[in-house]
**Q** 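Take this structure, written in structure tokens, and hold onto it; I'll ask about it next.
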Amino acid sequence: MKRIENHPILTFKRGKKIKFYFEGKEMWGYEGDTIASALVANGVKVFRESIKLHRPRGFYCAIGNCSSCLMTVDGVPNIRTCITPLKEGMHIERIKGKGALHYED
Amino acid sequence: MKTDVLVIGGGPAGMNAAIEAARAGASVILVERQAHLGGQLVKQTHKFFGWAEKGAGTRGIQLAEEWARAVEEHKNITVLLSSEAIGLYDDGAWMIEQEGKLIPVYPKKIIIAVGAQEKTLPIENADIPGVYGAGAIQTMMHVYGVLPGEKYLIVGAGNIGVILAYQLAQAGAEVKAVVDVLPKLGGAYWVHVTKIRRMGIPLYMKHTVIEIKGDQWVESATIAEIDEKFQPIPGTEKELDVDTIAISIGLSPLTDLMYQAGVELIWIPELGGLVPVHSENMRTTKPNIYVAGDASGIEEATTAALEGKIAGAVAAKDLGLTVNDSDIEEWKNELGQLRDAPLLEKLRHGLHKLHEAAKERGLQ
């Protein structure tokens, strides 16, 4: 799991560095990353666990179809991290169970 | 929002559908789930062939940029990015969700060009991290510049599997093996196969993956030769030291929206499974709904673009706008030529079934 630096066809123009938090731990990504690509670049493989059998899940399709990469982002559960752009200061967490929405009274 | 044409999906089919409908004078809203146009072309670093004077020799990523520019520059087209069509409502609204907001769109014509999804491998442990869709790995590598693993096994030696093998090598990863259950190569172009042979990547035909080891993520994979009944032959097992397994065993059309809107679907395995019944003009069984690209049956980007052009022009024509019929005939001819390749016998069989079904239903 790493950033590609040299590629015969592509040049990656990375944007500015972005700080975010995964399970409370500080990590860095780049502008242009999705949450999922930034996590993968930081060595994160397990994005959540399955609801019934609690099996580990990573991303699978990376284009917003399959729901394998759902996580809690800034308190909102079931965000498709593979199509959601990474933003400064985001708090990313693994979902516990199905995830719950929190309403303010 | 009101519009003449709503195009759902901003890949090769959707972009071309939008361009042609707009060119004929229709107002168009183009909805794309991602934050950028291009669909899966944005990760295709290889050069396309086939489509002689238009696009052959051009890399997919360049085609995506050209078409996206044409869409963005057209005054008749409104592009909604990071937006997803979630369904057809009773009052005729197609509901679009954009970053938490709901936007009802009332179109006269709808072109569904939402693409396909990668199939999954039905064996134990194929759900753990490290087992990824081949296209997903291409997305991570080519769009975001990230390699999700170091040592790879590729399951499925069709065009995508073989192309992925050399793309991984280009990005600095190690490909331990490419396996396929078939006795000889079917869908992969020889130019790509010879490339991986030159790179020394082992290609095992009549082989499959029989075991994936790992508790939290992939730690190894075992492959074995299989007999005529696709059963593993004892004694032929090889355990490979891999951390990532790419699954490229095919795609199936994304038919949810069509199904919800009442478009008739039929089962044609040669086209990827459930596909919408549609005519050569891309009309479905539901008046005002058209389809194009992989969502209408699995092929590839050049055919998707041509289908998109046809769908866009036909939808405009059905709105009473003037289109050049000879353009539509020309695109159909080009499609016919692309589908005439010797490799594509199975596809032609599937298309024949589809055309028979469309004929039975009187679709024009």
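A note on names: the letters A, B, ... follow the listed sequences, proteins ahead of strands, and every chain is numbered from 1.
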**Q** Rounded to the nearest 0.5 Å, what separation is found between the OH atom of B:Y152 and the CD1 atom of B:I201?
**A**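 The CD1 atom of B:I201 is 12.5 Å from OH of B:Y152, to the nearest 0.5 Å.
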**Q** Would you be so kind as to tabulate the donor-acceptor pairs closer than 3.5 Å made by side chains of residues 21-30 of chain A, with sequence neighbours excluded?
**A**
| from | atom 1 | to | atom 2 | distance (Å) |
| --- | --- | --- | --- | --- |
| A:E23 | OE2 | A:R94 | N | 2.7 |
| A:E26 | OE2 | A:W28 | NE1 | 3.4 |

**Q** Any residues in residues 133-142 of chain B near chain A, with a heavy-atom distance under 4.5 Å, and which are they?
**A**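 So far as heavy atoms go, B:G133, B:A136, B:T139, B:M140, B:M141, B:H142 are the residues that approach chain A to under 4.5 Å.
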**Q** Can you tell me which of A:I83, A:N6, A:D33 forms the most heavy-atom pairs within a distance under 4.5 Å of chain B?
**A**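 Looking at each option in turn, the highest pair count goes to A:I83.
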**Q** Using a cut-off of under 4.5 Å for heavy-atom pairs, which of B:H36, B:E118, B:E99, B:Q40 has the most such pairs with chain A?
**A**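 Ranked by contacts with chain A, first place is B:Q40.
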**Q** Of the backbone (N, CA, C, O) and the side chain (C-beta and beyond), which part of B:K151 lies under 4.5 Å from a heavy atom of chain A, both, or neither?
**A**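 Neither part, no heavy atoms under 4.5 Å.
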**Q** Quick check on A:F12 against chain B: is it the side chain, the backbone, both or neither that has a heavy atom closer than 4.5 Å?
**A**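 Interface part for A:F12: side chain.
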**Q** In plain terms, say whether B:K176 and B:E174 are close enough for a salt bridge, that is, a side-chain N and a carboxylate O under 4.0 Å apart.
**A**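 Answer for the salt bridge query: yes.
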**Q** When heavy-atom pairs shorter than 4.5 Å are enumerated against chain B, which of A:R55, A:E5, A:H7, A:R80 gives the highest number?
**A**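 The answer is A:R55.
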**Q** To the nearest 0.5 Å, how far apart are CD in B:E66 and CD1 in B:I61?
**A**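 Nearest 0.5 Å value for the CD-CD1 distance: 11.5 Å.
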**Q** For A:A38, which atoms come within 4.5 Å of any heavy atom of chain B: side chain, backbone, both, or neither?
**A**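 It is neither, since no heavy atom gets under 4.5 Å.
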**Q** With a 4.5 angstrom heavy-atom cut-off, which part of B:N125 approaches chain A: side chain, backbone, both or neither?
**A**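 When you check distances to chain A, atoms from both the backbone and side chain of B:N125 fall under 4.5 Å.
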**Q** So does B:E84 pair up with B:R33, basic N to acidic O under 4.0 Å?
**A**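 Salt bridge between B:E84 and B:R33, a charged N being under 4.0 Å from a carboxylate O: yes.
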**Q** Counting heavy-atom pairs closer than 4.5 Å to chain B, which one of A:G64, A:S50, A:C82, A:S68 comes out on top?
**A**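 That would be A:G64.
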**Q** Measure distances from A:T34 to the heavy atoms of chain B and classify the residue's part below 4.5 Å as side chain, backbone, both or neither.
**A**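 For A:T34, backbone and side chain are both near chain B.
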**Q** At a heavy-atom separation under 4.5 Å, does A:I63 approach chain B through its side chain, its backbone, both, or neither?
**A**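 Both backbone and side chain.
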**Q** May I ask you to name which of A:P85, A:A62, A:A36, A:G32 has the most heavy-atom pairs under 4.5 Å with chain B?
**A**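 Ranked by contacts with chain B, first place is A:A62.
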